[in-house]
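Below is one structure, written out as structure tokens; comments come after it.
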Amino acid sequence: MATNAIDQTRRMLSLVTYLRERPGAHVQDVARAFGITEDELISDLDVLPMCGTSFRGGDLLDIDTDGDRIWWHNPDDVAEPLRLAADEATALLVAARAVATLPGLRESDREALLRATAKLEAAAGESGAASSRLSVTFEAEGGVFADVDRAISERRRLWLRYYSPARDELTEREVDPIRLFAVGHTYMEGWCRLSEARRTFRLDRVAEIRLLDAPAEAPELELRDLSEGLVQPAAEDPEVVIEVGTGGRWVAEYYPHDSAEELPDGGLRITLRTPDPASLRRLALRLGGEGRIVSPPELAESARTAAREALAAYDTV
């Protein structure tokens, strides 16, 4: 069953307590105890060392695994009573109040957050009073995240108006959400009723969202392994060759590729595979004089045509 962001946070908090009481616990046993796969557990363990009792670092969780057993090297250090500095208390209170205003947040979670905020405000004293003069407003993606998270929790269908950059158009569709995840951006994976297939939606491209009364009825699907990134080309996907100058070398860092050969002028000749070569036209336009599509020839011509049309549009202004 898909896990939403709030449930994952609860699990990881429980995991900290569980591991503190069981030094050297076996990965297989811990995964079984939490009802998750070993890969999901390892993913949690990759995140925990970035957490700690201070925003400033220096006392982060020192947890590692050899693939068989899990070791926590500093449980006593992080078990000391938490003392918040004034700036830390202010940051926590401002963030808590902002999260409490998110649309779509479950009422029980909102009430629990407000209770915790009141306790923290009382303990913070003058710092708490100062924080009341600050406010944070979330951009649209925050509201979309809350609605998707609620839909997953309540197993409800969503209606979306979604922008597709590849086709440069807005489409309306109903989606049965499966899970939220982050790979650079925040995404929702779900079963799209328009295409009758699994699709991935970037939250900042959702123009409008609405929870429906219809239950989500996504078919049983094996969750994709995202450890190697969101885009994982297959061997049978069409091959594309792009040459970039020194200002376009970043392409090799952001796009999975088969090879990147150095060019005499300091640029790169990048060979990659993609199930939708046409989507790379936008990359070619973005690169401008710093890159060009070499092959396949029809894609190169398509990119040149798109560039000429863009220039022609400026001439008419």
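Just so we're clear, the structure is a prediction, and the values are computed from it rather than from any experiment.
The distance from atom CG of Leu45 to atom CG of Leu19, rounded to the nearest 0.5 Å, is 6.5 Å. Atom CD of Glu220 is separated from atom CD1 of Ile178 by 9.5 Å, given to the nearest 0.5 angstrom.
Between Glu174 and the choices Arg193, Arg199, Arg157, the salt bridge (Lys or Arg N to Asp or Glu O under 4.0 Å) rule is met once, by Arg157.
The shortest heavy-atom contact between Thr246 and Glu290 is N-OE1, 3.5 Å. Of all non-hydrogen atoms in Asp176 and Pro215, the two that sit nearest each other are OD1-O, 4.2 Å. When all heavy atoms of Tyr18 and Ala33 are compared, the closest pair comes out as OH-CB, 3.6 Å. Counting all heavy atoms, side chain and backbone alike, Trp72 lies closest to Val16 at CZ3-O, 3.0 Å. Considering every non-hydrogen atom in both Leu180 and Ile152, the closest pair reads N-CD1, 3.9 Å. A pairwise comparison of heavy atoms in Val244 and Arg249 identifies CG2-N, 4.0 Å as the closest pair.
Contact check on Asp147 versus Arg150 returns no salt bridge, with no Lys/Arg side-chain nitrogen under 4.0 Å from an Asp/Glu carboxylate oxygen. Under the 4.0 Å criterion applied to side-chain N and carboxylate O atoms, Arg210 and Glu172 are not assigned as salt-bridge partners.
Taking the ring axis of Phe34 as reference, the NZ or CZ atom of Arg32 does not stay both within 45° of it and closer than 6.0 Å to the ring centre.
Hydrophobic clustering of Ile, Leu, Val, Met, Phe, Trp and Tyr side chains at less than 4.5 Å, counting indirect connections, unites Leu15 with Ile70. Under a hydrophobic clustering in which Ile, Leu, Val, Met, Phe, Trp and Tyr are joined whenever their side-chain heavy atoms come within less than 4.5 Å, directly or via other members, Leu299 and Val241 fall into different clusters. Linking Ile, Leu, Val, Met, Phe, Trp and Tyr residues whenever their side-chain heavy atoms come within less than 4.5 Å leaves Val148 and Trp159 in two separate clusters.
Taking the six-membered ring for Trp and thresholds of 30 and 60 degrees, Phe201 and Tyr162 have ring planes more than 60 degrees apart, a perpendicular arrangement.
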Steps toward salt bridge (Lys or Arg N to Asp or Glu O under 4.0 Å) verdict (Arg308, Glu301): CA-CA 11 Å; Arg308 285 194 292 266; Glu301 179 57 34; 3.0 Å; yes
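Other residues, nucleotides and ligands contribute at most 12 non-hydrogen atoms within 6.0 Å of the CZ atom of Arg286.
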